[in-house]
Amino acid sequence: MGRVMLLIFVTSFVFVLYISDFDHVFCGQKGLIKEGDDFPEISMKTPSDPMLLVYLGLSEGKSFTLTDVKADLILVEIMNINCGSCRKQAPIYNKLYSLIESTPETKGRIKMLAIASGSKDEYIKKYIDYFKVPYPIIEDPNFALYEATGSSPLPLAIFVINNPSGQTGIVAGTHTGLNSHYKEILEEMKEFMNEDLVAIRQRGAKIETEIVEVEPVLTQAQLFQRIVKAFFMIGDGFTTIKKVPLEMGGAVYTSVGRQRNGSDIRLFALVVSRPPPCDLCHDIHFICIFENTGKILRFMPLQLTKYGNEPWDFTDEAKMRDTIEGKYIFDPFDFDPGVDAVTSATITCSIIYKSLNEGQALFNELKRRGLIETFSR
């Protein structure tokens, strides 16, 4: 795409700006995990409950991987404790657990394990107590397993066959969304236990990998105008906005202008678009404007929703701005839903914080490329 000239009207003046290779920025997604794939060898926090250690066949320790679990087949549920469908799935999976444990053919051979994306133990415990969940739910506060399995809408069930050789477990099948047929799930898992691993690999190789798509909420021109307007609210003299593709994926947009005091300022616009860890929620879109010191000057919602997919109101946006603006893009953004979440928008807020938590890597890359001066507060 070549350079595009746009006429922008700001405070009754006409500015001619050029933008090179402008496009929407979307966070790169891995392909969805599928039949025949290896299950990601990502370390998980070992349960503190001795009964759960016995159930999984684990020794005491700080972490474990799925290959450490003593079972022929493991149902791994990637879920979120605030996801409506995941909460509906909980009592169904409780029945499935009881059925597995009461069936001699499957007791001890099939295990269940849930991964709570974006959640910590403090809040998981409340979920376990409320739904009386008998199987382990492991925290995944930084969405590591959620992203490694492709950022699927949740809940996501992954049926993993433990490799007898001790190597990485192999995915025998997956299911996205609420599944109320727990008796049928058990029969399917019985079949998986008798599957040949080579045959599973061969079938999986013929299946095309899917990628979660995030649809834009604004046209190219509309998004550009939002960025220009934000820049001119901070200063003036921005005549060229340049797209900077990032090694870490995505891109930022940058331009040099003047502050109100006459000194030069370089601004960056990070446009974030991410899928939610929930099969009923809308995608999350926002812009973060920061200067070359890393200080965040503007948080601009594009599409943020709460329970029932209702859009955020002014109060909701103001709460998030108060939390984010004035911090630095390289600061840690530790999410505590009891303190930081907008009411009825915990999932959306967790993804905002997750996105900003990648800011240190972004800032360091921009420094390496000479776009940010060395800075210390």
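Side chains are part of it too, since the values below use all heavy atoms of this structure and drop only hydrogens, waters and symmetry mates. Numbering starts at 1 and runs along the sequence shown. In this text the structure is predicted, and so the values were computed from the model without any measurement.
Not a single donor-acceptor pair under 3.5 Å links the side chain of Lys34 to the backbone N or O of Thr174. Side-chain atoms of Thr106 come within 3.5 Å of backbone N or O of Ile100 as a donor-acceptor pair.
Heavy atoms from other residues, nucleotides or ligands lying under 6.0 Å from CD of Glu365 number more than 12. No more than 12 heavy atoms of other residues, nucleotides or ligands lie within 6.0 Å of NZ in Lys95, so this atom counts as exposed by the packing criterion. Counting non-hydrogen atoms of other residues, nucleotides and ligands closer than 6.0 Å to CD of Glu210 gives a total of 12 or fewer. Other residues, nucleotides and ligands contribute more than 12 heavy atoms inside 6.0 Å of the CZ atom of Phe131.
Remark: Phe143 engages Tyr146 in a ring-ring contact (aromatic ring centres under 6.0 Å, His included) (not counting sequence neighbours).
Side-chain atoms of Glu291 and Thr293 form a donor-acceptor pair, as typed in the model, at a separation below 3.5 Å. Ser85 and Asp279 share a side-chain donor-acceptor pair at under 3.5 Å.
Test Phe335, Phe286, Phe333 against Ile352 for side chain to side chain contact (heavy atoms under 4.5 Å, CB included) and you get one pass: Phe286.
Under the salt bridge (charged side-chain N to carboxylate O under 4.0 Å, His left out) criterion, the residue pairs touching residues 336-355 are Glu147-Lys354, Lys354-Glu358, with sequence neighbours excluded. Among residues at least two apart or in separate chains, ring pair (Phe, Tyr, Trp, His ring centres under 6.0 Å) pairs with a member in residues 50-100 are Tyr55-Tyr97.
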Query raised in the report: Can you list the steps and then say if Lys125 with Asp129 is a salt bridge (charged side-chain N to carboxylate O under 4.0 Å, His left out)?
Result: CA-CA 6 Å; Lys125 185 179 185 304; Asp129 291 344; 3.0 Å; yes
